[in-house]
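Below: the structure, in structure tokens.
Each chain gets a letter, A, B and so on, in the order its sequence line appears, and its residues count up from 1. Values below: every heavy atom of this structure, side chains too, minus hydrogens, waters and symmetry copies.
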Amino acid sequence: MSMYIVSSHEIKQLAEALRASYDVYGPQVDPQTQQVFFDQLGDVEALNLEAPIPSMPVKEILFPQMERVLQYKYDAEAQSVEMSKPYAERPKVLFGLRPCDLSGILVLDRFFLGQEFVDDVYLTHRRQCLLISNTCLNPFPQCFCVCTHSGPDADEGFDLDLTKLKDGYLVRVGSEKGQAIADERNWKPAQPHHLSEHKAVVDRCIDLFPEMATDNKAWVSRVMNRITTGFIKSETWEYIGDQCFECGACSFVCPTCSCFNVEDSRMCDGECERLRTHDSCSFEGYARMAGDHNPRQPVEDRRNKRFFCKLSYPQSKKYLRPGCVGCGRCQWVCPGDIGLPNVVQYIRREITE
Amino acid sequence: MSNCHGSHAHGTCKQTGLCPIVTFPEVVNIDEIRDEAPEVKTFYMSFLNKDVEREFRIKSGQFIMCTVFGAGEFAVSLPPSPENDRFHISVRAVGKVTHALHALKPGDKLGVRGPFGNGFPFEEIKGKNIIYVAGGIGLIPLRSSIVHALQHREDFGRIILLYGARSSRDLMYQPDIQLWKQNAGFETFITIDRPEEGWDGEVGYVNQLVDKANVPIDNSVAFVCGPPVMFNSVIGEFLKRGMSEDAIVSTLERQMKCGIGKCQHCAIGRTLVCTDGPVYTYRQIKTLGEQI
């Protein structure tokens, strides 16, 4: 793996150069709300590699909240139909991904592309995508990626990886595609002391994680074991389930949640579109069938579904890692108190009692 | 094994060896519509693209995703036999999309993706007796396998159909049943829930037929499909008589949006009905950990 040491100015130049053949997405701070969004860059000056993790996961770009997957027009008179695929798009660069979001994308890759069937829509977005990750130098308040082995630095899946050091950015190359890009630039090779500095900043970051995260580190795998084998008291699940408002926010902000709904709708001009939208397994209508038969009606049946998906072995076998990447966004948005780290704590409390 | 339909599919389904239409629906023409029972119609159809039609192969017990243009897509099991049968689906009007389907006329077009799912385990049951148990429109997913079994009559022992419906009007595929009866060794027992004028057959529920038919338990498999109440009572009868949980096979239904294991709407416990099912043994169903 080649490594380079690159100035911030050269990073901006890289972003600018990539715009010729890619749509470049990166973290930007909204000047009015101070919120961080991972959005398409109108101007590379807006790229902010020091911003905290974005409010929404980067999966939004590869698996949008709402997406047209089919367009058609049915002529009832002539009994004929015209169909088209609306989702072919330009290649994208995800510039400055946080390692948790990168892990989330790898989970989605294995799920959408690595199972029995390949998801054509996701593949179209992902096929020509370039991933540039960005090491976290400080944990953000809700982070616990050290528990789920997905940070603070990336160790797989990136094309290029950036780490801010004293002399500039350390660029690690992770793929042939990344190497090809590096070869076109006139970058200085990194020295051995840069590598040890990289290790030092990552270690420093790990030390800065709040106690809850470091305490939970060994517990995630124990809790997974418990959830998989089913040795968790129903009272614990009820305690957790009772705090669920069924708002679905956790699913929407989760970098690995991939459930979707599909709906056909007719527009004013008679043209129809098939939309696929994010969905959440906590919603009451999630499993409801035509004729109103709902096999998953009881609330306890569905409120805790998500935790089985994130923290059980059968699901991890599909993802090749735990379904949780430790970004902590669910903890942020949950109006109850059942963000994933808390759920781990509740189950941990039961185990230790 | 067939080739892929252009860009519509990626590779071959590992489970069935077939190559389904995965993403982009193929257009079919509705050739003929028949009233099957109250609120149930059978739609005979053919692909506009004849190459696709030639390549389109199914296994008994699989399903397709059917698009009613302007209304949406629904999952429906396939009643035709894999060999020498007209391509058709039988659908009861229950929801938004199926009502829109019932409003269509011959010549209208539909979209089809599939076939998806594992199908019935025909290879494993050669030489055994097959007992089909169906309630109401539960005969639809079993039809394919009945026709297939009769086309390979010599591969199986006794073939018995136990079938029940609310009334004689609700009995599905009546001309087909008459035809099947002409096969040597096809035993049929049909019942309706309440007595009716002009009905001289059995009256009562399907589980009562298990006794009447004196079904063989050893070296037999039971294919059961019907409403949950019927399903549970029939399975109770078989288990009471000592049938193995692996020999009781059923096909489940769930809300499905993609058919290819991505949308996760059809999850029951840790299994996905669209790719792991829809055909399960009772032993598997018991361990799914959720209501079926």
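- Heavy-atom neighbours of chain A within the stretch residues 90-104 of chain B, taken at a separation under 4.5 angstrom, comprise B:Val94, B:Gly95, B:Lys96.
- Although no hydrogens or angles enter the test, the distance criterion places a donor-acceptor pair under 3.5 Å between the side chain of B:Gln255 and the main chain of A:Arg288.
- For A:Lys318, the part lying near chain B is the side chain, with the backbone staying farther off; criterion is any non-hydrogen pair under 4.5 Å.
- When side chains are defined from C-beta on, B:Pro25 counts as touching A:Leu70, because their heavy atoms get closer than 4.5 Å.
- Heavy-atom pairs under 4.5 Å with chain A peak, among B:Arg270, B:Met256, B:Gln264, at B:Gln264.
- Considering only heavy atoms from C-beta on, B:Cys258 comes within 4.5 Å of A:Phe260 through its side chain.
- Annotation: maximal heavy-atom pairing with chain B below 4.5 Å, among A:Cys272, A:Cys259, A:Cys309, A:Ser265, occurs at A:Cys259.
- For the pair B:Thr275/A:Gln115, no side-chain contact is recorded, criterion being any heavy-atom separation below 4.5 Å from C-beta on.
- Around CZ of B:Arg283, the count of heavy atoms belonging to other residues, nucleotides or ligands within 6.0 Å exceeds 12.
- For B:Phe116, the part lying near chain A is the side chain, with the backbone staying farther off; criterion is any non-hydrogen pair under 4.5 Å.
- Ring-plane geometry between A:Tyr286 and B:His265 is classed as parallel, the angle between the planes falling under 30 degrees on a 0 to 90 degree scale with a further cut at 60.
- No donor-acceptor distance shorter than 3.5 angstrom exists from the side chain of A:Tyr74 to the backbone of B:Leu110, with no hydrogens or angles considered.
- A:Arg274 touches chain B through its side chain: at least one heavy atom from C-beta onward sits under 4.5 Å away, while N, CA, C and O do not.
- Of the possible donor and acceptor atoms, one in the side chain of B:Lys257 sits under 3.5 Å from a partner among the backbone N and O of A:Val262.
- With a 4.5 Å cut-off on non-hydrogen atoms, A:Tyr72 touches chain B through its side chain but not through its backbone.
- The number of heavy atoms from other shown groups lying within 6.0 Å of OH (B:Tyr205) does not exceed 12.
- Scanning both residues, B:Val22 and A:Val118, for their nearest heavy atoms gives CG1-O, 4.2 Å.
- For residues 64-71 of chain B, heavy-atom neighbours of chain A at less than 4.5 Å comprise B:Thr67, B:Val68, B:Phe69, B:Gly70, B:Ala71, sorted by residue number.
- Using a 4.5 Å cut-off between heavy atoms, B:Pro106 contacts chain A through its backbone alone, with no side-chain atom that close.
- Within 6.0 Å of atom CD in B:Glu53, more than 12 heavy atoms from other residues, nucleotides or ligands are found, so the atom counts as buried in its surroundings.
- Put simply, the side chain of B:Lys109 gets close to the backbone of A:Gln79: a donor and an acceptor are under 3.5 Å apart.
- The contact between A:Ser84 and chain B is made entirely by backbone atoms, counting heavy-atom distances below 4.5 Å.
- Taking a 6.0 Å sphere around OH of A:Tyr313, one finds it holds more than 12 heavy atoms contributed by other residues, nucleotides or ligands.
- Counting heavy atoms of neighbouring residues, nucleotides and ligands inside a 6.0 Å radius, atom CZ of B:Arg86 exceeds 12 of them.
- Considering CZ of A:Phe112 and NZ of B:Lys262, their distance stands at 7.5 Å, rounded to 0.5 Å.
- Contacts of A:Glu273 with chain B are absent, with no heavy-atom separation under 4.5 Å from either backbone or side chain.
- Residues of residues 40-48 of chain B lying under 4.5 angstrom from chain A, judged on non-hydrogen atoms, do not exist.
- Between A:Asp279 atom CG and B:Cys263 atom SG the span is 8.5 Å, to the nearest 0.5 Å.
- With a threshold of 4.5 angstrom between heavy atoms, A:Glu271 does not approach chain B through any atom at all.
- The salt bridge (charged side-chain N to carboxylate O under 4.0 Å, His left out) search around A:Arg306 returns none, not counting sequence neighbours.
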